[in-house]
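Numbered from 1 within each chain, the chains take letters A, B, ... in sequence-line order. As the structure is a prediction and not an experimental result, all values here were calculated from the model.
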There are 2 protein chains.
Amino acid sequence: MTQPIEGNNVPTLADVAKRANVSTATVSRCLNSPDRVVGETRERVLRAVQELGYAPNFGARALAAKQTNTVGAVIPTMENAVFARGLQAFQEELGRHGKTLLVASSAYSQKLEDEQVRALVARGADGLLLIGYDRNPDLYAFLKKRKVPTLVAWSFSAGQDRPAIGFDNRAAMAELARLVMGQGHRNIACITAPTEFNDRARERVFGIQAAMAEAGQDPDALLIVEKPYGIESGETAFREVMAAAPNTTAVMCANDVLAIGALRAAREMGITVPKDVSITGFDDIEIAMLAEPALTTVHVPHREMGRRAAGILIQMLREEDTRQCVELPTDIRLRQSLGPVKAA
Amino acid sequence: MTQPIEGNNVPTLADVAKRANVSTATVSRCLNSPDRVVGETRERVLRAVQELGYAPNFGARALAAKQTNTVGAVIPTMENAVFARGLQAFQEELGRHGKTLLVASSAYSQKLEDEQVRALVARGADGLLLIGYDRNPDLYAFLKKRKVPTLVAWSFSAGQDRPAIGFDNRAAMAELARLVMGQGHRNIACITAPTEFNDRARERVFGIQAAMAEAGQDPDALLIVEKPYGIESGETAFREVMAAAPNTTAVMCANDVLAIGALRAAREMGITVPKDVSITGFDDIEIAMLAEPALTTVHVPHREMGRRAAGILIQMLREEDTRQCVELPTDIRLRQSLGPVKAA
DNA sequence: GTTGAAAATGTAAGCGCTTACATATCACAA
DNA sequence: TTGTGATATGTAAGCGCTTACATTTTCAAC
């Protein structure tokens with residue numbers, strides 16, 4: 001009963017057409033626009049598809065239809081729970097719309113990101129998700145020339161005209177800084193990831209400074225220590241802070257992982273948190289609650305951002321000229337690591 | 001100086017050929033086998049490529065060359081630090097070899113995994129990385145028919161003949177169980193992720209039971225509570241254990257996240273770890289060290305596994321019939337959560 | 001200068017699908 | 001039965017690249 005496939009192992013559209021006694025166009029319609037084919041014909045075709053174990057050749061389809069149904073994302077690293085969480089939600093939503101995720105990582109290097117973006121475009125990504133605004137303008141020009149819809153996530157700025165979904169890093173951190181100062185803290189240090197080529201980190205630092213200026217504090221008095229993402233970096237940074245400014249009473253960290261490192265260093269140095277020094281984070285990833293004391297931090301809706309980013313990108317793929325800028329709210333999670341300034 | 005592109009916006013191979021005054025075959029050779037083209041011709045072509053901003057059409061290339069240079073991976077979730085870490089290393093290594101990663105997730109559902117695998121194959125994945133051995137044999141048959149090289153990771157079993165890179169989950173957990181029993185524990189419970197369709201979880205349970213049998217203990221006496229992956233699940237499971245068997249003195253968790261949950265529940269229940277009850281984990285992810293008390297667990301070289309998996313798959317893509325089974329070592333990380341059994 | 005072999009390049013078929021336009025079929029009204 | 005409009009299906013061009021085989025060029029030896 002099973003007809004031998006002529007000439008090769010992998011069934012093609014032509015094989016299905018022959019078996020179902022229709023043209024290849026009808027087979028294509030059955031698979032891609034089923035409502036344009038009557039029930040009887042359609043069932044005959046789908047039966048042939050199943051019997052032959054036919055699946056479309058991806059390259060041929062991409063070439064003919066001029067799309068791949070893949071969407072690329074370049075993130076700093078999947079090992080950062082922030083991106084892992086957001087990307088997971090992004091991928092799930094893409095999957096629901098029949099798109100597949102292409103992933104590359106940049107290790108927080110702008111040069112590597114540039115390369116990876118170009119590689120993803122070369123791989124035929126229909127659209128792209130990128131993290132933050134900072135990048136070489138040539139890259140944006142390249143993406144525009146190639147007509148690859150591109151969405152920026154994790155940042156939001158009213159001054160930018162690129163499609164984006166994110167939150168205002170500056171405003172969020174300023175709000176936390178106001179709470180810190182509300183607890184009486186004036187000697188504040190900031191531990192952050194490198195701010196060069198990283199608008200998210202930079203904006204968080206600016207947020208602290210803005211809140212200080214607003215409160216009549218000198219923003220230049222903010223001690224800033226930059227370290228790569230990592231718990232050990234946070235430990236090192238905290239030691240540097242306390243060595244450089246031993247009267248620091250609050251250390252605001254630009255992400256939770258650095259803050260966890262700071263907490264660990266404080267404990268090892270015999271510094272009590274928050275009695276001696278308060279420590280705050282940013283992101284509200286899982287370990288923020290698990291820390292001892294639990295971390296005061298900025299909660300960011302990473303999953304929602306990832307999910308909605310997928311929706312926006314899919315919309316962009318369907319229609320030209322969607323210029324969405326979506327701001328998501330953040331909120332402060334007050335926990336035990338922030339307390340009143342220690343009496344002098 | 002810049003010649004207008006005839007007819008369309010996006011330069012094609014033909015445009016480059018015309019500009020460089022060579023055939024399209026020569027352009028293709030310059031890009032793909034540069035050593036087969038003399039220097040002068042090659043430079044002329046590469047200049048034309050640059051001037052035109054040409055990049056190959058992915059679908060055309062995939063169709064003609066019968067490969068996409070993408071490799072797919074279906075993992076349970078990127079939010080599990082275990083997979084995030086391994087996948088990150090996998091992706092980095094693929095990138096070094098000019099391959100791009102296609103990612104899908106299965107939420108620990110076998111049915112969803114099946115669908116996602118087929119979707120990745122439909123997207124033209126040249127090869128596949130899958131997690132664990134357990135899956136519908138039809139899926140393996142499908143992959144074989146489509147000639148998609150497939151590598152299993154996170155599991156290793158000498159009885160399986162599929163290409164795989166992983167560790168012996170059973171032996172690793174048995175080793176930890178022997179240490180637990182070496183501390184005098186006889187009333188042992190096991191908290192695990194669901195074992196149906198999850199050989200890794202199942203083997204870890206079997207490992208405890210094997211060690212018990214070996215020590216003359218009744219393996220059926222092992223209290224087993226299955227819960228989905230998650231900290232809260234671990235909390236709930238621990239409560240169930242202590243309700244069902246209040247004289248339990250050791251709880252062995254099949255992953256660190258469940259163990260963290262168990263630690264939290266113990267604290268809330270006024271149970272001291274390890275004085276009253278010892279708790280162990282599996283995986284040695286970052287929070288194992290951060291926990292209070294720090295978790296005794298099985299260390300698994302996730303990054304190395306991911307990196308080497310990429311190497312193996314690339315090898316499989318280059319050569320037919322590579323049948324590698326690589327076992328990676330695990331080792332026990334003794335920390336404060338495991339102590340001697342409480343005197344009766 | 002001639003010859004032969006190796007290297008370099010060109011020609012053209014083909015990869016497998018989609019889809020614009022052409023043609024055939026169907027359903028219904030007169 | 002005929003005519004018309006709507007629906008269903010077929011024809012064939014084309015998407016842009018790779019590569020087997022053909023042809024041309026280069027180079028060394030005589």
Side-chain angles (χ1 to χ4, degrees), chain A residues 5-46 48-49 52-70 121-124 126 146-147, chain B residues 5-46 48-49 52-70 121-124 126 146-147:
Chain A
I5 314 294
E6 283 161 359
N8 59 23
N9 289 349
V10 179
T12 65
L13 199 74
D15 299 319
V16 176
K18 179 178 287 188
R19 192 179 185 90
N21 210 27
V22 295
S23 71
T24 60
T26 297
V27 177
S28 193
R29 282 188 203 105
C30 282
L31 297 178
N32 301 311
S33 314
D35 50 299
R36 290 163 70 195
V37 182
V38 296
E40 191 208 316
T41 308
R42 190 169 60 227
E43 283 167 13
R44 197 165 76 240
V45 170
L46 295 182
V49 166
L52 289 175
Y54 167 77
N57 178 290
F58 171 70
R61 206 177 221 187
L63 175 60
K66 293 186 192 303
Q67 70 175 5
T68 62
N69 283 314
T70 59
V121 171
R123 290 299 180 274
D126 294 333
R146 297 288 300 212
K147 300 185 179 174
Chain B
I5 313 294
E6 283 162 356
N8 59 23
N9 288 348
V10 181
T12 65
L13 197 76
D15 299 318
V16 175
K18 180 178 289 189
R19 192 180 187 91
N21 212 29
V22 295
S23 72
T24 60
T26 298
V27 177
S28 194
R29 282 188 203 104
C30 283
L31 297 178
N32 302 309
S33 315
D35 48 303
R36 293 163 68 195
V37 183
V38 297
E40 192 209 312
T41 309
R42 190 169 60 227
E43 283 169 13
R44 198 164 74 240
V45 169
L46 294 184
V49 166
L52 290 174
Y54 167 77
N57 178 289
F58 174 70
R61 205 177 222 186
L63 175 59
K66 296 186 190 301
Q67 71 174 8
T68 61
N69 282 316
T70 57
V121 173
R123 289 293 174 274
D126 293 334
R146 298 286 302 208
K147 299 184 179 174

Decide yes or no for B:Val16 and B:Thr24: does some side-chain heavy atom of the first lie under 4.5 Å from some side-chain heavy atom of the second? no
Check whether any side-chain heavy atom of A:Cys30 sits under 4.5 Å from a side-chain heavy atom of A:Val27, and report yes or no. no
How many Å lie between CG on B:Leu13 and C1' on C:dC15, as a whole number? 15 Å
For the pair made of CZ in B:Arg36 and C1' in D:dT19, what is the distance, rounded to whole Å? 8 Å
A:Arg42 CZ - D:dT7 P separation (whole Å): 15 Å
Can you tell which of D:dG10, D:dT18, C:dT9 lies closest to the side chain of B:Thr24? D:dT18
Would you mind reading off the distance between A:Arg44 atom CZ and D:dG10 atom P, rounded to a whole angstrom? 8 Å
Taking B:Arg42 for its side chain and B:Val37 for its backbone only, find out whether a donor-acceptor pair lies under 3.5 Å. yes
Measure CG/A:Asn21 against P/D:dT9 and give the value in whole Å, please. 12 Å
For DNA chain C, what residues of residues 55-69 of chain B have any heavy atom nearer than 4.0 Å? B:Leu63, B:Ala64, B:Lys66
Flag the pair B:Thr70 / A:Arg123 as yes when at least one side-chain heavy-atom distance between them is below 4.5 Å, and no otherwise. yes
Rounded to whole angstrom units, what separation is found between the NZ atom of B:Lys18 and the P atom of C:dG10? 15 Å
Starting from P on C:dA8, measure out to CD on B:Glu40 and report it in whole angstrom. 13 Å
d(CG, B:Asp35; P, C:dA6) in whole Å: 18 Å
Less than 4.5 Å apart, any side-chain heavy atom of B:Thr12 and any of B:Asn57? no
Under a 4.0 Å heavy-atom cutoff, the residues of residues 25-32 of chain B touching DNA chain C are B:Ala25, B:Thr26, B:Arg29
Could you check whether any side-chain heavy atom of A:Val10 comes within less than 4.5 Å of a side-chain heavy atom of B:Lys66, counting everything from C-beta outward? no
Shortest non-hydrogen separation from A:Thr68 to A:Phe58 and the atoms involved: O-CE1, 3.5 Å
Would you say that B:Thr41 contacts B:Arg29 through its side chain, given a criterion of any heavy-atom pair below 4.5 Å between the two side chains? no
Point-to-point distance, once rounded to the nearest 0.5 Å, from OG of B:Ser28 to CZ of B:Arg36: 9.0 Å
